[in-house]
Amino acid sequence: MVAGTLYTYPENWRSFKALITLSTAPHFQFGQTNCTPEFLHKFPASKVLAFEGDDGFYVFQSSAIAYYVSNEELWGRTSEAAAQVVQWVSFADSDIVPPASTCVFPTLGIMHHDEQATENAKEEVRQILHLLDAHSKMGTFLVVACTLLWLYKQVLESSFCQAFPNTNCWFLTCINQPQFWAVLGKVKLCEKMAQFDA
Amino acid sequence: MVAGTLYTYPENWRSFKALITLSTAPHFQFGQTNCTPEFLHKFPASKVLAFEGDDGFYVFQSSAIAYYVSNEELWGRTSEAAAQVVQWVSFADSDIVPPASTCVFPTLGIMHHDEQATENAKEEVRQILHLLDAHSKMGTFLVVACTLLWLYKQVLESSFCQAFPNTNCWFLTCINQPQFWAVLGKVKLCEKMAQFDA
Amino acid sequence: MATNFLVHEKICFDKLKYEDAERRFYEQMKGG
């Protein structure tokens, strides 16, 4: 198992993939450590999430860090399983993160609320939940669960997601795994869709 | 080596990663085949790029397809090398594709030109070329070369990219590899930055 | 034109907006 330092910040859902596999607390001061010359020497892209192995190996991008700290079970034991992990990691980043951010960020007061953009994003989220409702029976992909977390905390009230029972069941199963508990603690799911926080 | 059918469309830079490793022409009619019930049964996310193995394995997302049709050399022979492949695949998708598309698409007449967005995107591209200028000596990542292709064809005139000689040299070395030639043919690089095509 | 298909690509043109929002959120968190 890999040992090292994860540079992240509290509640960073991008770090959960790594933390759930690492299950060790990050030691890092966001906004300070990542602006120092020594940090930029290690991580020239100056991006945070970043991981420094005790052996001096440096890697950034959440999916690369999660990959590096993972084991064969998470990588996929066959080329088909491994390709499906890559597929869902890529799908989560390209197709889930943007509509999820559009729905969630205004409720956290960190982005302006745009009614039309939010309605469009909610429709994309419905399509994703529908896709997973058919697919999640076949496999559990850590990255998808982490990417949906904020949606289930802020937006997915029961009237919205009751049409996708398999996805809801799959998600609840994931967050109740001991590795998730160790990092996320008890996740308080959305009862009433959070409104735009001016 | 994997055999199968790649569902894509012409000039799709996301397919080049797979085509360069597959080096077989795709058989597919974009806009027709991907709307049929049998296609949607295989690929419920209904996304194109999609790959169907002769053995009936289905995978979508360009990086997952490129992964599946690759070999150990492209995957990375050590966990560090493999993590770096994942890092640059993820970085290319999240940090290079958006500014590159903002710069290139208006010159292809497929997106409106927004002067400020284009200037911001060009600055992001400069930072990426600068990062690669320091980094590309350490390794060649197929995905980055494919993601930069349209920029070098449409936008990166010499006055723009002359400050990044290592990146230019690295990119030229890539596209002159026989596997690249087999798919891309001779790449005509930008001499004069293409203007917005109304 | 062959490149017209590219317009179907799913590309997050608002990347910088989201990154700024994420940064604001976590600096709020850090500020307590």
Side-chain angles (χ1 to χ4, degrees), chain A residues 1-2 4 14 17-18 40-41 43-47 49-51 53 55-72 75-76 78-98 127-128 130-136 138 141 143, chain B residues 1-2 4 14 17-18 40-41 43-47 49-51 53 55-72 75-76 78-98 127-128 130-136 138 141 143:
Chain A
M1 196 67 178
V2 165
R14 291 182 198 277
K17 302 194 287 281
L40 297 176
H41 174 70
F43 303 102
S46 76
K47 290 193 70 179
L49 211 54
F51 177 80
D55 59 357
F57 177 66
Y58 306 121
V59 58
F60 60 93
Q61 298 296 118
S62 61
S63 41
I65 295 168
Y67 178 91
Y68 184 60
V69 303
S70 293
N71 52 30
E72 207 188 18
W75 289 333
T78 64
S79 58
E80 284 78 7
Q84 286 192 314
V85 168
V86 177
Q87 173 182 283
W88 288 106
V89 167
S90 172
F91 182 78
D93 281 345
S94 62
D95 288 62
I96 303 180
V97 166
Q127 289 172 18
I128 290 161
H130 174 69
L131 169 66
L132 294 174
D133 205 58
H135 192 92
S136 54
M138 265 79 89
F141 297 93
V143 60
Chain B
M1 196 64 183
V2 169
R14 291 191 200 271
K17 302 195 286 284
L40 296 177
H41 175 70
F43 304 103
S46 76
K47 290 193 72 179
L49 214 49
F51 177 80
D55 59 358
F57 177 66
Y58 306 121
V59 60
F60 60 93
Q61 298 296 119
S62 62
S63 41
I65 295 167
Y67 178 91
Y68 184 61
V69 303
S70 292
N71 52 31
E72 204 187 23
W75 288 333
T78 64
S79 58
E80 284 77 8
Q84 287 194 312
V85 169
V86 177
Q87 172 181 285
W88 288 105
V89 167
S90 172
F91 182 77
D93 277 345
S94 63
D95 287 63
I96 302 179
V97 165
Q127 289 173 19
I128 289 161
H130 173 68
L131 169 67
L132 295 174
D133 205 60
H135 192 92
S136 53
M138 267 81 90
F141 296 92
V143 60

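In what follows, every heavy atom counts, from backbone to side chain, and hydrogens, waters and symmetry copies are set aside. This is a predicted model, so every value here is computed, not measured. Convention: sequence-line order gives letters A, B, ...; per-chain numbering from 1.
Only the side chain of A:Phe57 has a heavy atom closer than 4.5 Å to any heavy atom of chain B. Both the backbone and the side chain of B:Phe60 come within contact range of chain A, each with at least one heavy atom under 4.5 Å from a heavy atom of that chain. Both the backbone and the side chain of B:Ser90 come within less than 4.5 Å of a heavy atom in chain A. Heavy atoms closer than 4.5 Å to chain B are found in both the backbone and the side chain of A:Phe91. Contacts of A:Ser79 with chain B are made by both backbone and side-chain atoms, with heavy-atom separations under 4.5 Å.
Using a 4.5 Å heavy-atom cutoff, the side chains of B:Gln61 and A:Asp95 are in contact. For the pair A:Trp75 and B:Val86, the minimum side-chain heavy-atom distance is 4.5 Å or more. In this structure, the side chains of A:Ile65 and A:Leu49 come closer than 4.5 Å at one or more pairs of heavy atoms. Residues B:Gln127 and A:Ser46 form no side-chain contact, since every pair of their non-hydrogen atoms from C-beta on lies 4.5 Å or further apart.
Minimum interatomic distance between A:Ser63 and A:Val89 (heavy atoms only, all atoms of both residues): CB-CG1, 3.5 Å.
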